[in-house]
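Here the structure comes first, spelled out in structure tokens, and everything after it is commentary.
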Amino acid sequence: MKTNLRVIGIDPGLRHTGWGIVDAAGSRLSHVAHGVISAKGEDLATRLHDLRQQLSAVVIKWTPHCASVEHTFVNKDAVGTLKLAHARAIALLVPAENGLPVAEYAPNAIKKAVVGVGHADKSQVAHMIAMLLPGSKVEKADAIDALAAAICHAHRAPALARMTAVAK
């Protein structure tokens, strides 16, 4: 299959960051790779440094054309939300350091792009990933979410490119 676009999706997390890469040729998608980065270290700075190094290695190895990052889910725990925001900053920084355009999507937008419903549950997203990317065998929730983010952008990128071209 001729590849038009290779997208890395990133589901940021301080302890576990999911990543997934898809190739898109028109409306056809194919699974390239996926995984979960488990940041090591006792303190925040060390974990962020490790996350940056590991995510950089993924980007360098798989050479995506662009990145899609899930927005941070804000919850009642302000400290937890702030720590997650640090990991999200790394998820935005690494692709930008490698010259990739970065798109950001809300969790509901990602679910709607993959499942057709913005409030789909994790099992529905996992089922659709298996259907859209046959043979991918994704078991970890963080990698499933990352692949969903990549698929969301793969579906939206052509329309965004057309809108940008018209605006110029």
Side-chain angles (χ1 to χ4, degrees), residues 5-24 29-111 113-114 120-130 132-133 135-154 156-157:
L5 185 66
R6 177 168 282 185
V7 183
I8 182 170
I10 304 170
D11 178 37
L14 192 53
R15 297 214 182 267
H16 304 289
T17 291
W19 61 272
I21 301 173
V22 298
D23 282 345
L29 296 171
S30 63
H31 174 264
V32 176
H34 68 272
V36 176
I37 295 167
S38 295
K40 295 168 186 63
E42 294 300 315
D43 60 88
L44 178 62
T46 304
R47 283 199 307 262
L48 290 172
H49 177 71
D50 189 51
L51 174 58
R52 180 173 177 249
Q53 286 187 309
Q54 289 188 59
L55 189 54
S56 292
V58 170
V59 169
I60 290 166
K61 178 177 181 179
W62 295 104
T63 62
H65 301 125
C66 56
S68 176
V69 178
E70 186 173 325
H71 278 292
T72 302
F73 175 75
V74 179
N75 58 32
K76 295 175 188 170
D77 177 14
V79 174
T81 300
L82 184 58
K83 286 181 180 179
L84 178 58
H86 287 77
R88 190 168 176 279
I90 298 296
L92 295 168
L93 174 69
V94 168
E97 284 180 325
N98 286 277
L100 306 181
V102 181
E104 302 174 67
Y105 297 100
N108 286 351
I110 293 171
K111 291 174 184 176
V114 174
D121 65 31
K122 295 257 185 208
S123 67
Q124 291 172 305
V125 175
H127 176 75
M128 284 307 297
I129 294 296
L132 293 168
L133 303 173
S136 57
K137 293 184 174 61
V138 187
E139 296 176 6
K140 302 224 180 217
D142 298 308
I144 290 168
D145 290 347
L147 284 166
I151 290 169
C152 176
H153 188 64
R156 292 184 177 199

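- Looking at K140 and H16, their side chains never come closer than 4.5 Å, going by heavy atoms from C-beta outward.
- Taking 4.5 Å as the limit, some side-chain heavy atom of K40 sits within range of a side-chain heavy atom of Q54.
- Residue R52 holds its CZ atom at 13.0 Å from CD1 of I37, rounded to the nearest 0.5 Å.
- Separating the CD1 atom in I110 from the CD atom in E104 is a distance of 10.5 Å, to the nearest 0.5 Å.
- Within a 6.0 Å radius of NE2 in H127, no more than 12 heavy atoms belonging to other residues, nucleotides or ligands are found.
- The shortest non-hydrogen separation linking V69 to A91 is CG2-O, 3.7 Å.
- The CG atom of L55 sits 8.5 Å away from atom CG of N98, with the distance rounded to the nearest 0.5 Å.
- Annotation: R88, atom CZ; neighbour count of heavy atoms from other residues, nucleotides and ligands within 6.0 Å is above 12.
- A 4.5 Å side-chain heavy-atom check between I144 and K122 finds every atom pair outside the cut-off.
- Here the CD atom belonging to E70 is positioned 8.0 Å from the NZ atom belonging to K111, to the nearest 0.5 angstrom.
- Nearest heavy atom pair, residue V7 against residue S68, reads CG1-CB, 4.3 Å.
- Residues I151 and L133 meet the side-chain proximity criterion, which asks for heavy atoms closer than 4.5 Å.
- Of all the heavy atoms in R6 and T63, the pair that sits closest is CD-O, 3.8 Å.
- For the atom pair CD1 of I129 and OG of S136, the computed distance is 7.5 Å after rounding to the nearest 0.5 Å.
- Results of the side-chain contact (heavy atoms from CB on, under 4.5 Å) test with S30 over L132, D23, V22 single out D23 as the only residue that passes.
- Within the 4.5 Å cutoff, side-chain heavy atoms of P95 are placed close to those of I10.
- Atom CG of D142 sits about 13.0 Å away from atom CH2 of W19, to the nearest 0.5 Å.
- Contact record, G20 with A150: O-CB, 3.8 Å, taken as the closest heavy-atom pair.
- Under a 3.5 Å cut-off, the side chain of Q124 and the backbone N or O of D121 do form a donor-acceptor pair.
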Worked check of side-chain contact (heavy atoms from CB on, under 4.5 Å) between W62 and I8: CA-CA 9 Å; W62 295 104; I8 182 170; over 6 Å; no

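- Between A143 and V138, the closest heavy-atom pair is CB-CG1, 3.7 Å.
- Here the shortest heavy-atom pairing between A39 and L14 reads CB-O, 3.5 Å.
- H153 places no side-chain N or O within 3.5 Å of a backbone atom of A149 that could act as its donor or acceptor partner.
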